[in-house]
Amino acid sequence: MSTKNDKDKPSIPEHPRLRFCPSPTGIPHVGMIHTALYNWAEARHTGGTLIFRMEDTDDRRDTKESLDMIIEALEWMGIDWDEGIGKGNDDLYFQSRRKEVYQGVAKQLFEAGFAYESFSTAEEIAERNKAAGRPETFGYDGFDRNLTEEQKEAFRKEGRKPALRIRVPDEDISWDDLVRGPITYKAGSFPDFVIVRPNGDPLYTLTNPVDDAILDVNMVLRGEDLLPSTPRQIVLYEYLKKLGIAKQTPLFGHLPYVMGEGNKKLSKRDPQSNLFLLRDMGFIREGLLNYLSLLGWSYSADQDVFSMEELVAKFDVRDVKANPARFDLKKAISINASHIRMLDPEDFVKRCLPYLFKEGIVPADKWDELSADDKALLLRIAPLVQPRVRLLSEAVPMMLPLIDKAGELEFEEGSLEPLTEGDKAVLDRALKELENVQDEEWKADTLHTLLTDALVNEMSLPAKKAFNPVRLAISGKKVSAPLFESLEIIGKPVVIERISSLRSKI
RNA sequence: GCCCCUAUCGUCUAGCGGUCUAGGACAUCGCCCUCUCACGGCGGUAACACCAGUUCAAAUCUGGUUGGGGGUACCA
């Protein structure tokens, strides 16, 4: 199999080792899952290894709840991992437990001369830049690069503590990006950067590559927002390799953003960015995964509904597009609808259960806890409802009139006003016909014939005019599951009761 | 300011120098099917940001312009 990119993008390692390493700071986000999905798909396609690790270095923002939600999200989506949290020694996979490791590496970097102590404060750097006529945003000027021991001692006597900075070589930094192709940062593009704060806290620029190196990660697929940190990390990798800590510099692939409305990255404020909100709306994993994979990648020129197996068979990160993609809820819903229709009816019902249970329509949200009668009824209803919902939650109002026979029917807003004397006559006639039907004759096709003869043929009404009042009477809605099947399922007594009830409202 | 990324219908994309009067999907509009809705079928509207250059030939290669995004941190 050859794709356009095989010839001009880097070849992937024989045994790819990828990782997904979010920070536990909030509700699982669609952009985050998009990144996780692409890492997963690449790992599964290549037979590689996916590592799941937590970048929890910010104790002010990190929460246990967030961690639990991220795990729940991955499990719900079916994104599994081979190494990492919950699989082996968790001390390897939580950065919050690894401060000594980073400090140890920092010490080695310092002793080898790859990093140096920097005593300059932000104010001093800004002043020097100003004095030299450089723009304020110029950044660090390398002032502490070659401080003598005496100078350092003098700073220490002032009570200063040094940050540790990486000595950035004066040369172009290039890499061949898996999604963007060759990228070069010219020499001097960025200054010596801090890897350890004066108080000893290691920074992302250090912790991320160090863990990747220790876990022998050879492919890094991450968001475009991390692109500017890559040349810095490449510098660091060169040093880590010299110290024997890193085996190689990994291949990098910078994935496109998932955008929201306007030209903004999908933010936590956008409701459609919240994975669990999408689940509550009634997305199924297959649909959401399918849609998300399409944001920056395509399955083929003329097919965009496919299974996870098909995705894995075809996915290649080198085919991913570099430009950001907008999250389009309408298309996401449409793709979801296709996947709902492909579900086995029993599977469909089982997945509807939580939504039905939440509204008090069924007594349990677990299939096994339902009575045989309940199961049988749901299974009869499923094929009627399944092809006409796009989200699982939409099944609730459609199933309700078929399941809840005791409750008072609620009529849809504005559905009663247009009713006329003609509709009243239709209901009268329907009532008369249906009352005479024997129990054993109460079948969808019999009722269809009966009502067609009476209402359409004898009353000379168009089919819509004839059946819609009946539909409204038994469902409370203008849109419902197929009428005659519904009549059969609801049963004669309740149908008679509901039609009489609506008749009296006209 | 400087650096980096990016640019095909409203949206997601196919396109890899000739097969492009640019294909598919969602959305939208019309028609058919039809007990409603959905499904399904048929058809319509709708895009190569701009300017140069290379070439017999450019959506495709090169340069520039413009637009969008990101960075320029002791954030990630």
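A, B, ... follow the sequence lines: proteins, then strands. Residue 1 opens every chain.
- Toward the 5' end of RNA chain B, the nearer of the two residues Val389(A) and Phe327(A), judged by each one's closest nucleotide, is Phe327(A).
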Per-nucleotide protein contact along nucleotides 26-37 of chain B, 5' to 3', at a 4.0 Å heavy-atom cut-off (B base, S sugar-phosphate only, - neither), is SS-------BBB
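- Separating the CZ atom of Phe252(A) from the P atom of rC4(B) is a distance of 18 Å, rounded to the nearest angstrom.
- Remark: rA47(B) base-pairs with no nucleotide; criterion is Watson-Crick or G-U wobble with both hydrogen-bond distances under 3.5 Å.
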Between the protein and nucleotides 69-76 of chain B, are there any N/O to N/O pairs under 3.5 Å, and if so, what are the atom names and distances?
from	atom 1	to	atom 2	distance (Å)
rU72(B)	O2'	Thr137(A)	O	3.0
rC74(B)	N4	Ser120(A)	O	3.1
rC75(B)	OP1	Arg197(A)	NH2	3.0
rC75(B)	OP2	Arg197(A)	NE	2.8
rC75(B)	OP2	Arg197(A)	NH2	2.0
rA76(B)	OP2	Tyr204(A)	N	2.9

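- rU11(B) atom C1' lies 14 Å from atom CG of Leu266(A), rounded to whole Å.
- Between Asn290(A) and Asp304(A) the shortest heavy-atom distance is ND2-O, 3.1 Å.
- Atom-to-atom, CZ of Arg326(A) to P of rC9(B) comes out at 11 Å; the value is rounded to the nearest Å.
- Taking the charged nitrogens against the carboxylate oxygens, Asp428(A) and Lys432(A) have no contact shorter than 4.0 Å, which rules out a salt bridge.
- Remark: rC2(B) base-pairs with rG71(B); criterion is Watson-Crick or G-U wobble with both hydrogen-bond distances under 3.5 Å.
- Within a 6.0 Å radius of CD in Glu158(A), more than 12 heavy atoms belonging to other residues, nucleotides or ligands are found.
- The separation between Asp302(A) atom CG and rU13(B) atom P is 17 Å, rounded to whole Å.
- Residues Leu311(A) and Met308(A) are in side-chain contact: their nearest non-hydrogen atoms beyond the backbone lie under 4.5 Å apart.
- The C1' atoms of rC42(B) and rU19(B) are separated by 26 Å, rounded to the nearest whole Å.
- Taking atom CG on Asn336(A) and atom P on rA38(B), their separation rounds to 17 Å, with Å as the unit.
- The pair Asp144(A)-Arg165(A) does not meet the salt-bridge criterion, since no charged nitrogen lies less than 4.0 angstrom from a carboxylate oxygen.
- In this structure, rG10(B) and rC26(B) make a Watson-Crick or G-U wobble pair, each of the two defining distances being under 3.5 angstrom.
- For Arg180(A) and rC3(B), the CZ to C1' distance is 15 Å, given to the nearest whole Å.
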Test side chain to side chain contact (heavy atoms under 4.5 Å, CB included) on Tyr185(A) and Ile234(A); report intermediate values, then the result.
CA-CA 11 Å; Tyr185(A) 277 72; Ile234(A) 286 173; over 6 Å; no
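- To the nearest whole angstrom, the two P atoms, one in rU65(B) and one in rG1(B), are 13 Å apart.
- For rC37(B), there is no paired base (Watson-Crick or G-U wobble, both distances below 3.5 Å).
- In terms of heavy-atom proximity, Ala106(A) sits nearest to Leu206(A) at CB-CD2, 4.3 Å.
- For rC61(B), the paired nucleotide is rG53(B), the pair qualifying as Watson-Crick or G-U wobble because both relevant distances are below 3.5 Å.
- rU62(B) and rU55(B) have their P atoms separated by 16 Å, given to the nearest Å.
- Across all strands, Gly296(A) comes closer than 4.0 Å only to sugar-phosphate atoms, never to a base (heavy-atom distances).
- Residues forming a side chain to side chain donor-acceptor pair (under 3.5 Å) with Asn199(A) (at least two apart in sequence, or on another chain): Asp201(A).
- Between rU28(B) and rU21(B), the distance separating the two P atoms is 30 Å to the nearest Å.
- Comparing rC4(B) with rU45(B), their P atoms are spaced 43 Å from each other, to the whole Å.
- Nucleotides rU11(B) and rC48(B) are separated by 12 Å at their P atoms, to the nearest Å.
- Salt-bridge check for Arg318(A) with Asp316(A): passed, with a basic side-chain N closer than 4.0 Å to an acidic carboxylate O.
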Using a cutoff of under 3.5 Å, can you pull out all pairs of nitrogen or oxygen atoms linking the protein to nucleotides 18-21 of chain B, with atom names and distances?
none

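- Rounded to whole Å, the distance from CG on Leu294(A) to P on rU11(B) is 16 Å.
- Using a 4.0 Å heavy-atom distance criterion, Lys477(A) is classed as making no nucleic acid contact.
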Interface polar pairs with nucleotides 40-51 of chain B, N/O, under 3.5 angstrom:
none

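- Using bins of under 30°, 30° to 60° and over 60° for the plane-to-plane angle, the ring pair Phe20(A)/Phe52(A) lands in the parallel bin.
- Pairs of residues two or more places apart, or lying in two chains, that qualify as side chain to side chain donor-acceptor pair (under 3.5 Å) and include a residue from residues 51-60 of chain A are Arg53(A)-Glu55(A), Arg53(A)-Asp212(A), Glu55(A)-Gln95(A), Glu55(A)-Asn208(A), Asp56(A)-Ser96(A), Asp58(A)-Arg61(A).
- Salt-bridge formation is detected for the pair Arg134(A)/Asp141(A): a Lys NZ or Arg NE/NH1/NH2 atom is positioned less than 4.0 Å from an Asp or Glu carboxylate oxygen.
- Taking atom C1' in both rG68(B) and rC50(B), one finds a spacing of 15 Å when rounded to whole Å.
- Going from atom CG of Leu164(A) over to atom CZ of Phe114(A) covers 13.0 Å, rounded to the nearest 0.5 Å.
- Taking atom CG of Asp319(A) as the reference point, atom P of rC12(B) lies 19 Å away to the nearest angstrom.
- Contact check on Lys264(A) versus Asp270(A) returns no salt bridge, with no Lys/Arg side-chain nitrogen under 4.0 Å from an Asp/Glu carboxylate oxygen.
- Inter-residue side-chain proximity for Val317(A) and Met219(A) is flagged as met; some heavy-atom pair is nearer than 4.5 Å.
- Here the shortest heavy-atom pairing between Leu472(A) and Phe411(A) reads O-CE2, 3.4 Å.
- The separation of rU13(B) from rU6(B), taken at their P atoms, amounts to 14 Å, rounded to a whole angstrom.
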